[in-house]
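Keep in mind that this is a model prediction, so the values were computed, not measured.
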Amino acid sequence: MERLVIETPEEGQQVLEQIGRRFKKRISASPLGLCPVDMLLNYLRICHAQSCGKCSPCRIGLWHLTEMLETIRNGTGDMETIDLIEKTADIIRVSADCAIGYEAANMVLEGMQGFRKDMEEHIKRGRCLYGIEQAIPCTAVCPAHVDVPGYISLVKAGRYKDAVRLIRKDNPFPAVCGYVCEHPCEKRCRRQMVDDSVNICGIKRYAVDHAGDIPVPQCAPATGKTVAVIGGGPGGLTAAYFLTVMGHEVTVYEQRHHLGGMLRYGIPDYRLPNDILDRDIQYILDTGVNVILNTNIGEDMSIDELKAKYDAVYMSIGAHDDKKLKLAGEDAPNVYSAVELLRAIGEDEAPNLKGKKVVVVGGGNVAMDATRSTLRLGASSVTCVYRRRIADMTALPEEIAEAQAEGVKIRTLLAPDHIELDKKTKRAKALWVQPQLISLIGQDGRTSVRKAEEKAFPIECDYIIVAIGQSIHSQPFEGSGLKLKHGVIAAESSSFVPGSGNVFAGGDAVSGPATVIRAVAAGKVAANNIDYFLGYNHVIKSGVEVPDPQMTNNPPCGRVNLTSQMIDNIEGNFDLVSIGMTPQGVKQECGRCLRCDHFGFGSFRGGRKIQW
């Protein structure tokens, strides 16, 4: 009789799993600009290797698809091959016995829709449209195209002022972004192929914290041209900064008492202290930007007046309007939007939540800001309700973790059903929620939900905070001849608004609610094109020389993450939570950078751009 034995993984299997983990890192760190046909071909080969081979659509069909795709990549196929690939993939998709064959074929069909023109270019001219020029991955994926490896090397050399000057070539908000940027650059960091992405955002913060005072750049000779900027948020101030440096006279019109937009009225002090924000704003104003506060364009002044008074107008209004749940009882006096709450906190007019039970609806960064802020306003309990899973929340993982560590309860797979009002006071006393069941995955890769069979139940509360999205207040501008599309201003990729004469628009006003760095990028684009519109072609450069990399060994090494302060009594405490890197930590983290600006030139054609 055969006995059972305790099984241990074989050495070969352990090595195979380790290789698989490394391969996964390579896929996630794939730089922009790779040939999509070549990548699709290699993905398909992996799928074919994973097939069990029991059904012919997988065993034979996927093999034929790889052969045909290889002829396309090599330029030896013809136009009929493209059609045959599409037909073959469609047959495999409907006839494969399991999801492996279906998903592989579906991936090819999606590829046919996404880059059919590139396949045709391979056949006609034997070249790849995507590989003509490929920038450094972290710089390319940064919306403002900040020279990431450049400033990391300067921080490593202890040249903090030069690092900040280099950042300001593309982004005049280095301090703000060092504290609250969503760091998309880290998602494409090639260091992931070795161990983990470089803490780019943390290094930037260290640079701005240790750079000290930096003189403003010398502006170009005055052009005599005037530009009006509507909105004193990150996008509007970015455009104002670069246009002023170019020599134009810029006036910013801001609706509120202070500049900063959602940076001041949407991000709490424990994430972005006002003195950090004011440091960047003052640097911008020191270049000579004019500011007019407490002015509501569309009411106090019209767009047509600005168009007649200035040579160009840039609209950079933020997404300050809230989206509604569209439930009965939402107009109760104790139901707030997250935008209202955070704005009230920014204006020192926060409601008294001491000892109150609060429910927050939403799963984004604004929802996390609202939950953590209500705790600091004295709430006895804060519950965040989200209709999907925590893994599906759009908030940054570190924001979710810190909210939970501070005492926020996150209840998932619950959708708002209705708001129960107290019959006497007409105030909300409970949010009724309907349990949800996780469901199909959509084309965007996010998992959808559907109504579960369980009954709705109440969550008792004293206040309800709604954080399900924001929108721009665009109606006053529609009467000025500006075209709107889906509630935002219809502008070209250059930021010019067709048919407006001299109006440009960007940021939230065009894209809807977006990140700080995207607003900065929009302001940079607008400044460049407004300068050209005014008849000029000014060049923006830093004048900073980036040090050459050291030829040293770079072994696998753990990532240095920022830590958080332990707050014993959180009520009323809006002090900064995150703690910056130590000198030893930042030096080690800078040493993890692979310097793709130098060693990546084999595939990253184009390299560093010293000006724009």
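At a threshold of 4.5 Å between non-hydrogen side-chain atoms, the residues Leu431 and Pro416 count as touching. In this structure the side chain of Ile136 never reaches within 4.5 angstrom of the side chain of Val148, judged on heavy atoms. Under the 4.5 Å side-chain criterion, counting only non-hydrogen atoms from C-beta, Ile200 is in contact with Cys138. When side chains are defined from C-beta on, Leu65 counts as touching Val108, because their heavy atoms get closer than 4.5 Å.
Between the side chain of Glu103 and the backbone N or O of Ile100, no donor-acceptor pair lies under 3.5 Å. In this structure, Thr139 contributes its side chain and Val146 its backbone to a donor-acceptor pair below 3.5 Å. Side chain of Ser439 to main chain of Ser448: no donor-acceptor pair is present (N/O by atom type, distance under 3.5 Å, no hydrogens or angles). One N or O on the side chain of Gln436 and one on the backbone of Gln434 form a donor-acceptor pair closer than 3.5 Å. Not one N or O on the side chain of Tyr386 forms a donor-acceptor pair closer than 3.5 Å with the backbone of Gly364. No donor-acceptor distance shorter than 3.5 angstrom exists from the side chain of Lys323 to the backbone of Ile468, with no hydrogens or angles considered. Proximity of a side-chain donor or acceptor of Glu120 to a complementary backbone N or O of Met79 within less than 3.5 Å is not detected.
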Legend entry - side-chain contact (heavy atoms from CB on, under 4.5 Å) assessment of Arg191 paired with Cys593: CA-CA 7 Å; Arg191 182 74 197 201; Cys593 178; over 6 Å; no

Inset, instruction - Check step by step if salt bridge (Lys or Arg N to Asp or Glu O under 4.0 Å) holds for Glu80 and Lys87. - result: CA-CA 11 Å; Glu80 293 180 358; Lys87 290 178 182 178; over 6 Å; no

Inset, instruction - Would you check, one step at a time, whether the test side-chain hydrogen bond (donor to acceptor under 3.5 Å, both in side chains) holds for Arg559 with Ser197? - result: CA-CA 7 Å; Arg559 168 186 161 115; Ser197 60; 3.1 Å; yes

Inset, instruction - Could you walk me through whether Thr447 and Arg389 pass side-chain hydrogen bond (donor to acceptor under 3.5 Å, both in side chains), step by step? - result: CA-CA 9 Å; Thr447 306; Arg389 305 165 300 183; 3.1 Å; yes

Legend entry - Residue pair Asp508, Gln470: steps toward the side-chain hydrogen bond (donor to acceptor under 3.5 Å, both in side chains) verdict: CA-CA 10 Å; Asp508 292 356; Gln470 299 152 246; 6.0 Å; no

Inset, instruction - Using the side-chain contact (heavy atoms from CB on, under 4.5 Å) rule, take Arg388 and Arg446 through it: C-alpha gap first, then chi angles, then the decisive distance, then the call. - result: CA-CA 10 Å; Arg388 289 186 169 98; Arg446 294 192 71 196; 3.4 Å; yes

Legend entry - Verdict with supporting geometry, Cys142 and His183, side-chain contact (heavy atoms from CB on, under 4.5 Å): CA-CA 8 Å; Cys142 171; His183 42 78; over 6 Å; no

Legend entry - Derivation and outcome, side-chain contact (heavy atoms from CB on, under 4.5 Å), residues Asn171 and Cys177: CA-CA 9 Å; Asn171 175 9; Cys177 288; 3.4 Å; yes

Inset, instruction - For side-chain hydrogen bond (donor to acceptor under 3.5 Å, both in side chains), just list the numbers for Thr81 and Asp78, CA-CA rounded to whole Å, side-chain angles, deciding distance to a tenth of an Å, and then say yes or no. - result: CA-CA 5 Å; Thr81 307; Asp78 52 33; 2.8 Å; yes

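Leu414 CG to Thr383 OG1: the interatomic distance, rounded to the nearest 0.5 Å, is 10.5 Å. For the atom pair CG of Asp170 and NE2 of His145, the computed distance is 8.5 Å after rounding to the nearest 0.5 Å. Going from atom CE of Met107 over to atom CD1 of Ile46 covers 8.5 Å, rounded to the nearest 0.5 Å. Considering OG of Ser153 and CZ of Arg595, their distance stands at 4.0 Å, rounded to 0.5 Å. Atom-to-atom distance recorded for Ile92:CD1 and Leu62:CG is 5.0 Å, nearest 0.5 angstrom. Atom CD of residue Glu86 and atom CE of residue Met119 lie 9.0 Å apart, to the nearest 0.5 angstrom.
The two atoms that bring Asp195 and Arg592 nearest to each other are OD1-NH2, 2.5 Å, heavy atoms only. Ala456 approaches Trp432 most closely through the heavy-atom pair O-CZ3, 3.6 Å. Between Cys590 and Ile152 the shortest heavy-atom distance is SG-O, 3.7 Å. Val360 approaches Ala367 most closely through the heavy-atom pair CG1-O, 3.9 Å. When all heavy atoms of Ala207 and Val155 are compared, the closest pair comes out as CB-CG2, 3.7 Å. Across all their heavy atoms, Cys557 and Gln588 have their closest contact at SG-NE2, 3.5 Å.
Under a cut-off of 6.0 angstrom, the local environment of CD in Gln550 is sparse, with at most 12 non-hydrogen atoms contributed by other residues, nucleotides or ligands. Surrounding CZ of Arg73 are more than 12 heavy atoms belonging to other residues, nucleotides or ligands, all under 6.0 Å away. Atom NZ of Lys187 is surrounded by 12 or fewer heavy atoms from other residues, nucleotides or ligands within 6.0 Å.
With salt bridges taken as basic N to acidic carboxylate O contacts below 4.0 Å, one links Glu70 and Arg45. For the pair Asp83 and Arg116, the salt-bridge criterion is met [side-chain N within less than 4.0 Å of a carboxylate O].
When the side chain to side chain donor-acceptor pair (under 3.5 Å) test is applied to Asp147, the partners found at least two apart in sequence or on another chain are Arg608.
Within the structure, side chain to side chain donor-acceptor pair (under 3.5 Å) contacts touching residues 366-375 (residues at least two apart or in different chains) are Arg271-Asp369, Arg372-Glu399, Arg372-Glu402, Arg372-Glu406.
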